[in-house]
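A short write-up of the structure that comes next.
Starting from 1, each residue takes its place in the sequence as its number.
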Amino acid sequence: MNFTAKDVAELRARTNAGMMDCKKALTECDGDFEKASLWLREKGIAAAAKKQSRIAAEGVVASYIHMGGSIGVLVEVNCETDFVAKTDVFQELARNIAMQIAAANPKYVRIEEVPAEAVEAEKEVLRAQALNEGKPAAIVDKMVEGRVKKFYQDVCLLEQAYVKDSSMTITDYLNEMTLKIGEKISVRRFVRYEMGEGLEKRHDDLAAEVAKQVQGN
């Protein structure tokens, strides 16, 4: 065995997985901590996916107001039972999602919500950029597909890097919490307000300011 009980405890603290699962992960990965973390995440995604067919109609509407009232967010996060919805763990999860929205300013929850015309318009812009960069026409479409993925990561909440842990996406975070809580968790909708948005004024990067504060918490 190439790991110690301390390694198991540390892996559990990082991943929120059970002690036996952490021990199994380290055993399967010959004590490699990073590989074990990835192994647990992959197993977690598979286990969480099994819960996605369940109905999640309970939950909370969480809010987050940035200091000074410059940005405000309301988000509906769902779970399966009212009991779980009232727990501190779920309440904290919902608030973390609200803070994510304030900091990263997504436009949609998931990829399927992005209008087809918006995707096509983005592809045309990306295609023109690639051609202007002198890229061969034969590989432009492949480049565009790769850059569209980055577009989704910018505008879709579930594709974004989690501002409190950039090693995972919001989807990864929800999967991890699904396993911890034991119920399906989903984000249904949100609204984000930014003070003076759409009005002509001096521009400050409020989203970057919020992200910096969130990461410091």
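Cluster membership check: V144 does not share its hydrophobic cluster with V125, using side-chain heavy-atom separations under 4.5 Å among Ile, Leu, Val, Met, Phe, Trp and Tyr. W39 and F3 fall within a single hydrophobic cluster, where Ile, Leu, Val, Met, Phe, Trp and Tyr side chains are chained together by heavy-atom contacts under 4.5 Å. In terms of hydrophobic clustering, with Ile, Leu, Val, Met, Phe, Trp and Tyr side chains grouped at heavy-atom distances under 4.5 Å, I111 and Y173 are assigned to different clusters. In this structure, L174 is a member of the same hydrophobic cluster as V60, with clusters built from ILVMFWY side-chain heavy atoms closer than 4.5 Å. Hydrophobic clustering of Ile, Leu, Val, Met, Phe, Trp and Tyr side chains at less than 4.5 Å, counting indirect connections, unites F190 with V77.
For the atom pair SG (C79) and NZ (K184), the distance works out to 11.5 Å, reported to the nearest 0.5 Å. Atom CD in E145 sits 16.0 Å away from atom NZ in K150 (nearest 0.5 Å). For the atom pair CG of L26 and CG of L11, the computed distance is 5.0 Å after rounding to the nearest 0.5 Å. Rounded to the nearest 0.5 Å, atoms CD (E80) and CD1 (I181) are 10.5 Å apart. The CG atom of N175 sits 11.5 Å away from atom CE of M177, with the distance rounded to the nearest 0.5 Å. The CD1 atom of I101 sits 12.0 Å away from atom CD1 of I71, with the distance rounded to the nearest 0.5 Å.
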Please evaluate residues D154 and Y152 with respect to the criterion side chain to side chain contact (heavy atoms under 4.5 Å, CB included), reporting the C-alpha separation (whole Å), side-chain torsions for both, the decisive distance (0.1 Å), and the verdict. CA-CA 5 Å; D154 289 338; Y152 286 139; over 6 Å; no
Side chain to side chain contact (heavy atoms under 4.5 Å, CB included) evaluation trace for V84 with V89: CA-CA 8 Å; V84 163; V89 171; over 6 Å; no
Go through the steps for L74 and Y193 under the test side chain to side chain contact (heavy atoms under 4.5 Å, CB included), then give the verdict. CA-CA 9 Å; L74 289 173; Y193 295 103; 5.5 Å; no
Give the intermediate values and the outcome of salt bridge (Lys or Arg N to Asp or Glu O under 4.0 Å) for residues E92 and R95. CA-CA 5 Å; E92 180 182 2; R95 178 170 169 78; over 6 Å; no
Could you walk me through whether R147 and E122 pass the side chain to side chain contact (heavy atoms under 4.5 Å, CB included) test, one step at a time? CA-CA 9 Å; R147 292 179 180 182; E122 183 67 18; over 6 Å; no
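Put simply, the side chain of E34 does not reach to within 4.5 Å of the side chain of L38, judged on heavy atoms. The closest side-chain heavy-atom distance from N96 to M99 is below 4.5 Å. Considering only heavy atoms from C-beta on, E159 stays 4.5 Å or farther from T169 through its side chain. When side chains are defined from C-beta on, Y64 does not count as touching I97, because their heavy atoms never get closer than 4.5 Å. You'll find the side chain of M168 reaches within 4.5 Å of the side chain of E176, heavy atoms only. No side-chain heavy atom of Q160 sits less than 4.5 Å from a side-chain heavy atom of Q153. Contact check for L157 versus V187: side-chain heavy atoms found under the 4.5 Å cut-off. Between F90 and I185, the closest side-chain pair of non-hydrogen atoms falls below 4.5 Å.
Across all their heavy atoms, F83 and T87 have their closest contact at O-CG2, 3.4 Å. The two residues P106 and C156 come nearest to each other via the heavy atoms CB-C, 4.2 Å. Counting all heavy atoms, side chain and backbone alike, V75 lies closest to A94 at CG1-O, 4.0 Å. M143 approaches A130 most closely through the heavy-atom pair CE-CB, 4.4 Å.
The closest donor-acceptor contact from the side chain of D165 to the backbone of Y162 lies at 3.5 Å or more, if one exists at all. A distance-only check finds a donor-acceptor pair linking the side chain of E113 to the backbone of V109 [under 3.5 Å]. Using a distance-only test at 3.5 Å, with no hydrogens or angles considered, a donor-acceptor pair links the side chain of E183 to the main chain of T81. In this structure, Q100 contributes its side chain and A161 its backbone to a donor-acceptor pair below 3.5 Å. Formation of a donor-acceptor pair under 3.5 Å by the S37 side chain with backbone atoms of F33 is found in this model. Side-chain atoms of N78 never come within 3.5 Å of backbone atoms of A57 as a donor-acceptor pair (strictly under, hydrogens ignored). Side-chain atoms of R188 do not come within 3.5 Å of backbone N or O of E76 as any donor-acceptor pair. For the pair T171 (side chain) and L158 (backbone), a donor-acceptor distance under 3.5 Å is present.
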